[in-house]
Amino acid sequence: MPISTEPQQRHDAEDHIPSGSSSSFPTLEHFRVKNIPPAAYYIPDFITEEEEAYLLRKVAESPQPKWKKVGSGRRLQYWGGTMSKNGVLLPEPLPEFLTAFPDIILRIESFLSAAIEDKSDVKGKQKALDINQVLVNEYEPGQGISPHEDGPAFQPLVATISLGSHTVLDIHHYLSTTAPSPPMTTSEPIPSDDPTEAGRPIAAIPLAHLLALPRSLLILSSSLYTSHLHAIAPKTKDVVRLERGTEEDGGVVIANAELLGDAEIADGLRDNGSWAKERGVRTSFTFRHAEKVLKGGAFSMAMGGLRRT
Ligand SMILES: O=C(O)CCC(=O)C(=O)O
Ligand SMILES: [Fe+2]
C-alpha cells in the first residue's frame, strides 16, 4: 500500500488512531518538503473525493451570515470561534461536519500525533496539534491572499486541506532592515495580519512555491510559521515547473514536486518540464490551535462538552 494514501483509507474513528508504534507509521519526515526553511509537510489525498464533496456541501449549506467577505473579494468562515483583538479565542462549539463525520479534526490530530516522533518541544510543550479553530477560505479564480503571518496567537503548527481546486502557496521572507535592499524589495511593504510585524519589508520574489492539489493536507510549522510569510497570488491559471524555465509563461518552480502523489502530473512535469491548469473555485480549511482561550461562559462549556479530554 502506498504510504501516502493511508490517511485517506481510514473511515471510522477507531481506525484513525494508528495502533502500531511510531516505527510502523510513516514519520512526518517522510512528507517533508525539502530545500525550504523548516518546516513544511505535504500529504497528498488526505481525504477522499466523497469527503471533499461532503465538506464542500456543508460549507455551502451554512447560514449566509457565517460568511465574511474580505478585501480582495474572497469569502471566509470561522468555526470554533473568532479571535479577540488581543489574540484570545472566543470559543464556540465546532460543527459536527468537523468533529463527527468525517471527523477530520480527529484524523489530523491523530495523524500528527502518530507522525511526530518526539511529541514535546524543548520547553516540554506538546508539538502535536490540539485543534480549536478552523478557518474556511473560498477563492474564486483570480483571488488570492497577500503575504501574511498567522501570528503568535496560534501554535506554530497549522494544517490546511485544499478542496475543489488546486492552488499555489507562496512562501515569502522578510528582508533585513539593516542590510542594503536588493532590487527585489517591494516598494511598499505589505502589511502583515500580525501587528508586531506590520511594515517590515518583504522580498517581492517568493522564496518557494508549493502546489496544493485538491484533498491534500499541507502543514506549516516552526520557523516557516514563525519567521516567514505565506501568500497566494491572485491568478486564474498556474504553470508549475521542476526547474526554472526560459519561457515567459509565468511558471514557478515548485518545491513539493516529489510529494504530489499524482502520476499524471508527475509524468507531465517529467516529460514537458511543466504542468499548467486553470484555477477553479478553491476552498481551504485551515486547522489551528489558538493558545489563549476565553474560559467560562456558555460557549466555552458547550465546546468543552464536545471535545475530548
Ligand atoms: O487558503 C490557504 O491555503 C491559506 C489561508 C491562510 O493563509 C489564512 O487564512 O491565514
Ligand atoms: Fe495564513
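Just follow the structure's listing: the first ligand is 1, and inside any ligand the first atom is 1. Counting from 1, the numbers follow the sequence of the chain as shown.
Side chains of Arg282 and Ser162: a donor-acceptor N/O pair is present below 3.5 angstrom, by distance only. For the 3.5 Å distance criterion, the side chains of His228 and His172 fail to qualify, holding no donor opposite an acceptor. Judged purely by distance below 3.5 Å, without hydrogens or angles, the side chains of Thr236 and Glu278 never pair a donor atom with an acceptor atom. His230 and Asp170 share no side-chain donor-acceptor pair at under 3.5 Å.
Heavy-atom contacts of Ile145 reach the following atoms of ligand 1: 6 (C), 8 (C), 9 (O) (cutoff under 4.0 Å). Within the listing of ligand 1, atoms 1 (O), 2 (C), 4 (C), 5 (C) sit less than 4.0 angstrom from a heavy atom of Tyr139. Atoms of ligand 1 lying under 4.0 Å from any heavy atom of Ser284, numbered from 1 in the order shown and given with element: 1 (O), 2 (C), 3 (O). Shown in contact with His230 at under 4.0 Å from a heavy atom are these atoms of ligand 1, numbered in order with element: 7 (O). If you number the atoms of ligand 1 from 1 as listed, the ones under 4.0 Å from a heavy atom of Arg282 come out as 1 (O), 2 (C), 3 (O).
Here's the thing with Asp150: one of its N/O atoms is less than 3.5 angstrom from an N/O atom of ligand 1. For ligand 1, the polar-atom distance check against Asn137 finds a nitrogen or oxygen pair separated by under 3.5 Å. Close N/O approach between Thr160 and ligand 1 is not found [any backbone or side-chain N/O within under 3.5 Å].
Of all the heavy atoms of Leu76, none lies under 4.0 Å from any atom of ligand 1, so neither backbone nor side chain is involved. Under 4.0 angstrom from ligand 1, there are no non-hydrogen atoms of Leu218.
For Arg241, the salt bridge (Lys or Arg N to Asp or Glu O under 4.0 Å) criterion is met by Glu247, Asp249, not counting sequence neighbours. By the side chain to side chain contact (heavy atoms under 4.5 Å, CB included) test, Asn137 is found to be paired with Arg74, Leu76, Leu135, Tyr139, Ser284, residues two or more places apart in sequence or in another chain being considered.
Under a 4.0 Å N-O distance rule, the pair Glu258/Lys34 qualifies as a salt bridge.
The N, O or S atom of His148 with the smallest distance to the Fe ion (ligand 2) is NE2. Restricting Asp150 to its N, O or S atoms, the one at the least distance from the Fe ion (ligand 2) is OD1.
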Before you tell me yes or no, could you show the steps for Ile131 and Arg288 under side chain to side chain contact (heavy atoms under 4.5 Å, CB included), namely the whole-Å CA-CA distance, both residues' side-chain angles and the distance that decides it to 0.1 Å?
CA-CA 5 Å; Ile131 296 160; Arg288 310 190 277 203; over 6 Å; no

